[in-house]
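Values below: every heavy atom of this structure, side chains too, minus hydrogens, waters and symmetry copies. Throughout, a chain's letter reflects where its sequence line sits, starting with A, and its residues are numbered from 1.
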Protein chains: 2
Amino acid sequence: MVNAQKHSETAQKILEAAHKVFVKKGMYGARMQEIADEAGINKALLHYYFRSKALLFDAIFQKIFSQFLPGILQILEGEQNFEEKIKVFVGHYLDQFVNNKYLPVFIVNEIHQNPQRLYEMGQALRGLPSSRFITQLKEGIEAGKYLPVTPEHFMMNMISLTIFPVLASPVLTEIFSMDSQTTRQFFEDRKKIVPEMILNSISTKKIKGHEAD
Amino acid sequence: MVNAQKHSETAQKILEAAHKVFVKKGMYGARMQEIADEAGINKALLHYYFRSKALLFDAIFQKIFSQFLPGILQILEGEQNFEEKIKVFVGHYLDQFVNNKYLPVFIVNEIHQNPQRLYEMGQALRGLPSSRFITQLKEGIEAGKYLPVTPEHFMMNMISLTIFPVLASPVLTEIFSMDSQTTRQFFEDRKKIVPEMILNSISTKKIKGHEAD
DNA sequence: ATTTAATTTAACCATTTAGTTAATTATAAA
DNA sequence: TTTATAATTAACTAAATGGTTAAATTAAAT
């Protein structure tokens with residue numbers, strides 16, 4: 001390769017443009033020409049660097065998931081205590097998704113269209129049940145600090161309360177006639193509300209009310 | 001129209017096939033030929049009865065939403081007491097979505113691709129903040145029975161805990177290596193767990209632990 | 001029975017879009 | 001400065017796919 005710099009520069013521009021278009025429109029809604037325009041280059045370069053639409057999409061998909069999954073596990077395996085991890089997890093993913101509104105729909109959609117991909121990255125996923133986070137939950141239950149909830153429901157509750165509101169935010173803002181500032185505050189508030197609700201749902205003793213109003 | 005029966009029979013077959021294919025693959029992923037095959041008819045009939053792909057899609061979209069939204073409001077406006085409504089709502093939509101796994105992704109996706117549709121059916125949506133259900137919540141708060149939560153967060157929590165797990169079930173079953181019977185039981189359990197968690201999050205006094213194990 | 005109109009189909013057309021190619025330009029090596 | 005290679009482009013091709021049409025079939029009306 002004569003000019004690795006230029007090569008990777010163009011490839012990078014393509015990846016950024018493809019990321020934007022694929023995440024917004026999905027595999028079938030996206031157009032190669034639109035990606036080329038977004039990158040400000042000739043369409044032939046997409047094939048020069050990535051051969052086909054399917055391979056370009058794969059590259060984007062891999063990139064997104066290779067950042068996403070380790071990010072989750074890193075938080076859940078960390079040294080913090082259990083309740084701190086909940087706050088970090090919720091805050092982190094609220095920030096991440098509110099700033100990339102299209103991402104959760106993309107992820108949900110792609111898994112839905114192509115569930116067999118989950119097999120491929122199976123190992124990264126299956127580390128979760130034996131993660132430190134789940135161990136901490138179980139220890140808390142043993143100690144009588146938490147109710148005997150199952151990890152499956154507990155994780156699902158936490159993730160649902162964090163991610164779904166981002167998916168549903170167009171509907172939410174329409175229903176409650178919320179402006180963008182109100183919407184931003186809504187998600188900011190959830191960083192506090194969700195961890196409290198999660199903890200409250202597993203604690204053996206009642207925790208304070210969580211909205212002052 | 002000479003034979004209304006035959007007409008509507010074929011149109012019906014088309015609608016059913018289109019529903020199936022569009023909900024599974026989305027507007028862009030769906031193919032007219034696939035819909036025709038699914039209906040067991042010639043592709044030209046799709047255009048004979050519905051003119052274009054876009055119009056056929058509109059018909060499906062309208063049908064789905066015209067069933068969906070009134071169903072929500074009917075529950076929320078009913079005569080039952082507040083806590084009963086929560087149980088009915090959660091149970092109803094868990095059943096509905098577990099039996100139509102593709103539906104929530106379709107809805108989320110379509111709103112995401114085409115948010116301006118929300119304007120069109122705006123009135124049906126905006127009835128929610130003034131629904132009897134929300135009034136009941138506010139009365140409970142006034143009476144000191146419930147914590148002063150906002151309707152926005154309360155509704156979002158309830159809907160998130162109900163719908164998101166259906167979206168995420170492929171990931172869930174992979175992570176926790178769940179077989180189909182276990183998965184079915186998981187969603188059955190949520191009919192009890194979710195209402196308890198919701199109530200627990202707003203009650204001024206602690207409610208019993210909700211998983212016996 | 002015959003005629004008329006609606007329905008259905010196979011074959012075709014038009015458009016869109018992914019993908020290719022041959023020529024051009026920029027870059028690095030000799 | 002010349003040569004070789006990589007990068008880029010405009011123009012093109014091939015395939016997929018939405019949509020049309022003209023002929024055939026079925027059903028209804030007379």
Would you call A/His112 and B/Pro170 a side-chain contact if the rule is heavy atoms closer than 4.5 Å?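 No, side chains not in contact.
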Take atom CZ in A/Phe82; do more than 12 heavy atoms of anything else shown fall under 6.0 Å from it?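 More than 12 within 6.0 Å, yes.
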A/Glu83: partners by salt bridge (charged side-chain N to carboxylate O under 4.0 Å, His left out), with sequence neighbours left out: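 So A/Glu83 forms a salt bridge (charged side-chain N to carboxylate O under 4.0 Å, His left out) with A/Lys145.
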Among residues at least two apart in sequence or on other chains, which ones pass salt bridge (charged side-chain N to carboxylate O under 4.0 Å, His left out) with B/Asp95?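 Once residues adjacent in sequence are excluded, the partners of B/Asp95 under the salt bridge (charged side-chain N to carboxylate O under 4.0 Å, His left out) criterion are B/Lys191.
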List for me each residue that meets side-chain contact (heavy atoms from CB on, under 4.5 Å) alongside [X], sequence neighbours excluded, and say none if there are none.
| X | value |
| --- | --- |
| B/Val98 | B/Val166, B/Phe187 |
| B/Pro129 | A/Ile175, A/Phe176 |
| B/Ser52 | B/Ala54, B/Leu55 |
| A/Glu110 | A/Phe57, A/Phe61, A/Asn114, A/Arg117 |

In whole angstroms, how far is the [atom2] atom of [N] from the [atom1] atom of [X]?
| X | N | atom1 | atom2 | value |
| --- | --- | --- | --- | --- |
| B/Glu34 | D/dA16 | CD | C1' | 14 Å |
| B/Glu9 | C/dA6 | CD | C1' | 15 Å |
| A/Tyr49 | C/dG19 | OH | P | 18 Å |
| B/Met32 | C/dT15 | CE | P | 17 Å |
| B/Ile41 | C/dT9 | CD1 | C1' | 11 Å |
| A/Leu45 | C/dT21 | CG | P | 16 Å |
| A/Gln33 | C/dT17 | CD | P | 10 Å |

Excluding sequence neighbours, so at least two apart, what forms side-chain hydrogen bond (donor to acceptor under 3.5 Å, both in side chains) with A/Lys24?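 Testing A/Lys24 for side-chain hydrogen bond (donor to acceptor under 3.5 Å, both in side chains), a comparison that skips the adjacent residues, returns none.
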Between [options], which nucleotide has the shortest distance from any of its atoms to the side chain of [X]?
| X | options | answer |
| --- | --- | --- |
| B/Ala44 | D/dA6, D/dT20, D/dG18 | D/dT20 |
| A/Asn42 | D/dG19, D/dA10, C/dT8 | D/dA10 |
| B/Tyr48 | D/dT9, C/dG19, C/dT7 | C/dT7 |

Between [X] and [N], is there a contact of a side-chain N or O with OP1 or OP2 at under 4.0 Å?
| X | N | value |
| --- | --- | --- |
| A/Thr10 | D/dT8 | yes |
| B/Arg31 | D/dA16 | no |
| B/His47 | D/dG19 | yes |

Which pairs count as side-chain hydrogen bond (donor to acceptor under 3.5 Å, both in side chains) when at least one residue sits in residues 171-180 of chain B, sequence neighbours excluded?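 Sorted result for residues 171-180 of chain B: A/Arg126-B/Glu174, B/Asp179-B/Thr182.
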Residues from residues 13-30 of chain B sitting under 4.0 Å of DNA chain C, heavy atoms only?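 Contacts with DNA chain C under 4.0 Å: none.
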Within residues 51-59 of chain A, find the residues that approach DNA chain C with a heavy atom at under 4.0 Å, and present them sorted by residue number.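 DNA chain C contact set from residues 51-59 of chain A: A/Ser52, A/Lys53.
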Acceptor/donor pairs from residues 66-80 of chain A side chains to any protein atom, 3.5 angstrom cut, sequence neighbours excluded:
residue, atom, partner, partner atom, Å
A/Ser66, OG, A/Gln62, O, 3.0
A/Ser66, OG, A/Lys63, O, 3.0
A/Glu77, OE1, A/Arg132, N, 3.1

Identify each atom pair where a protein N or O and an N or O of nucleotides 12-14 of chain C are less than 3.5 Å apart, giving names and distance.
none

Residues B/Lys25, B/Glu34: salt bridge by 4.0 Å N-O rule: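 Result for this pair is yes, salt bridge flagged.
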